[in-house]
Colleague: 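To start, I am sharing the structure in question, which I have written as structure tokens.
Order of appearance sets the numbers: ligands from 1, and atoms from 1 within every ligand.
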Amino acid sequence: MPLKIAVLISGSGSNLQSIIDRIEQGILDARITLVLSNKPDAYGLKRASQHGLATRVVEHGSYASREEFDRAVVQEIRASQAQAVVLAGFMRILSPFFINSFPNRILNIHPAILPAFPGVDGQKQAAEHGVKISGCTVHFVDEKMDHGPIIIQAAVPGLADDDAKSLGSRILALEHRILPQAIQWLAQDRLKVSGRRVEIEGAPQPLLAGGGQETALVSPGLDKGF
Ligand code: GAR
């Protein structure tokens, strides 16, 4: 049985697209029961509709408090029968109510090697800091922003002339690989959380890919197809 997931977005939805593509290729054993955006103009909603997926918009501005907004979102997720939640560029902090509604069942992708550069514009923060290595992280969501137990990370070089855009696109290419992979491990029930640590059953060895400016280190490595 595929894992039923709700994917939450706020923008372009390229990570959503990477999930859709892996599902359609038969590599990721999941089914998207809902794509929810807090922004009505998020391009990801169009991507979802093009693939016949159910979409909802819940605008945070229409609610008096974070928790009221979260209650409305959780209600939509529950109505969709999703068993897990994927934050794919969803730019809202979740309340404890939301997090406690799906314990160890909410994944987030962040465009930096956490715990470095949490918050918004991780790529910009890293480029401006002049880092020689940055990347992306998929982690379980807990009550602190960009903080929960880490499932997988990928590193890329930071180059001398990088800005947020150039570094960000190098990072994004890897986001599109590690996020579907982490969802697949969740779907296969291969993730065991113990405190801050996530043990991955049969995790592949770390992977070194590309070369030169395209070098990437992914840890743990990726299963076939990801
Ligand atoms: C991605 O780079 C994602 O890592 C980031 O937003 C972008 C969404 O792109 N998320 C965060 O910064 C969360 N703190 P997308 O809409 O094309 O998937």
Colleague: Between ligand 1 and Met145, can you find any atom pair, the residue atom being a heavy atom, that is separated by under 4.0 Å?
Modeller: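 No, Met145 has no heavy atom closer than 4.0 Å to ligand 1.
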
Colleague: Once the angle between the rings of Phe69 and Phe90 is folded into 0 to 90°, is it parallel (under 30°), tilted (30 to 60°) or perpendicular (over 60°)?
Modeller: parallel

Colleague: Can you name the atoms of ligand 1, numbered from 1 with element, that are less than 4.0 Å from a heavy atom of Ser12?
Modeller: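 Close to Ser12: 16 (O), 17 (O).
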
Colleague: Identify the closest protein heavy atom to atom 12 (O) of ligand 1: which residue and atom is it, and at what distance?
Modeller: Pro111 CD, 3.3 Å

Colleague: Are Ser12 and Arg47 linked by a side-chain donor-acceptor pair shorter than 3.5 Å?
Modeller: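 Arg47 and Ser12 do have a side-chain donor-acceptor pair below 3.5 Å.
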
Colleague: Could you pull out the closest heavy-atom pair between Leu167 and Gln123, with the gap in Å?
Modeller: CD2-O, 3.7 Å

Colleague: With Phe140 as reference, evaluate Leu191, Ile150, Ile99 under the side chain to side chain contact (heavy atoms under 4.5 Å, CB included) test and give the passing residue.
Modeller: Leu191

Colleague: Would you mind checking which non-hydrogen protein atom is closest to atom 10 (N) of ligand 1, with the distance to 0.1 Å?
Modeller: Ile109 O, 3.7 Å

Colleague: Find all atoms of ligand 1 within a distance of less than 4.0 Å from any non-hydrogen atom belonging to Gln123, and give their numbers and elements.
Modeller: 2 (O)

Colleague: Which heavy atom of the protein is the closest neighbour of atom 16 (O) of ligand 1, given with residue, atom name and distance?
Modeller: Gly13 N, 2.7 Å

Colleague: Just to verify, which of Leu87, Val138, Val86 counts as forming a side chain to side chain contact (heavy atoms under 4.5 Å, CB included) with Ile109?
Modeller: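 In the set Leu87, Val138, Val86, the residue that makes a side chain to side chain contact (heavy atoms under 4.5 Å, CB included) with Ile109 is Val138.
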
Colleague: Under the 6.0 Å and 45° cation-pi test, does Arg92 pair with Phe98?
Modeller: no

Colleague: Going by distance alone, is a donor N or O of one side chain under 3.5 Å from an acceptor N or O of the other, for Gln153 and Thr137?
Modeller: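 Result is yes, a qualifying pair exists.
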
Colleague: Under the criterion side chain to side chain contact (heavy atoms under 4.5 Å, CB included), I'd like the reasoning laid out for Ile5 against Thr33: C-alpha separation, chi angles, the key distance, then a yes or no.
Modeller: CA-CA 6 Å; Ile5 57 173; Thr33 58; over 6 Å; no

Colleague: Consider every N or O of Asn108 and every N or O of ligand 1, then say whether any pair is closer than 3.5 Å.
Modeller: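 Looking only at distances, the answer is no, because the N/O contact criterion of under 3.5 Å is not met.
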
Colleague: Nearest to atom 4 (O) of ligand 1, what protein heavy atom do you find, and at what distance?
Modeller: Glu175 OE1, 2.7 Å

Colleague: Look at atom 14 (N) of ligand 1 and say which protein heavy atom is nearest, naming residue and atom and giving the distance to 0.1 Å.
Modeller: His110 ND1, 3.2 Å

Colleague: Is ligand 1 less than 4.0 angstrom away from at least one heavy atom of Gln17?
Modeller: no

Colleague: Do Asn15 and ligand 1 have an N or O pair less than 3.5 Å apart?
Modeller: yes

Colleague: So, Lys124 and Asp162, do they make that salt bridge, N to O below 4.0 Å?
Modeller: no

Colleague: Between ligand 1 and Gly119, can you find any atom pair, the residue atom being a heavy atom, that is separated by under 4.0 Å?
Modeller: yes

Colleague: Provide, to 0.1 Å, the distance between atom 17 (O) of ligand 1 and the closest protein heavy atom, together with that atom's residue and name.
Modeller: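 For atom 17 (O) of ligand 1, the nearest protein heavy atom is Ser14 OG, 2.6 Å.
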
Colleague: Which of the atoms in ligand 1, numbered in the order shown and given with their element, are less than 4.0 Å from a heavy-atom of Gly89?
Modeller: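 Numbered from 1, ligand 1 contributes 6 (O), 8 (C), 10 (N).
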
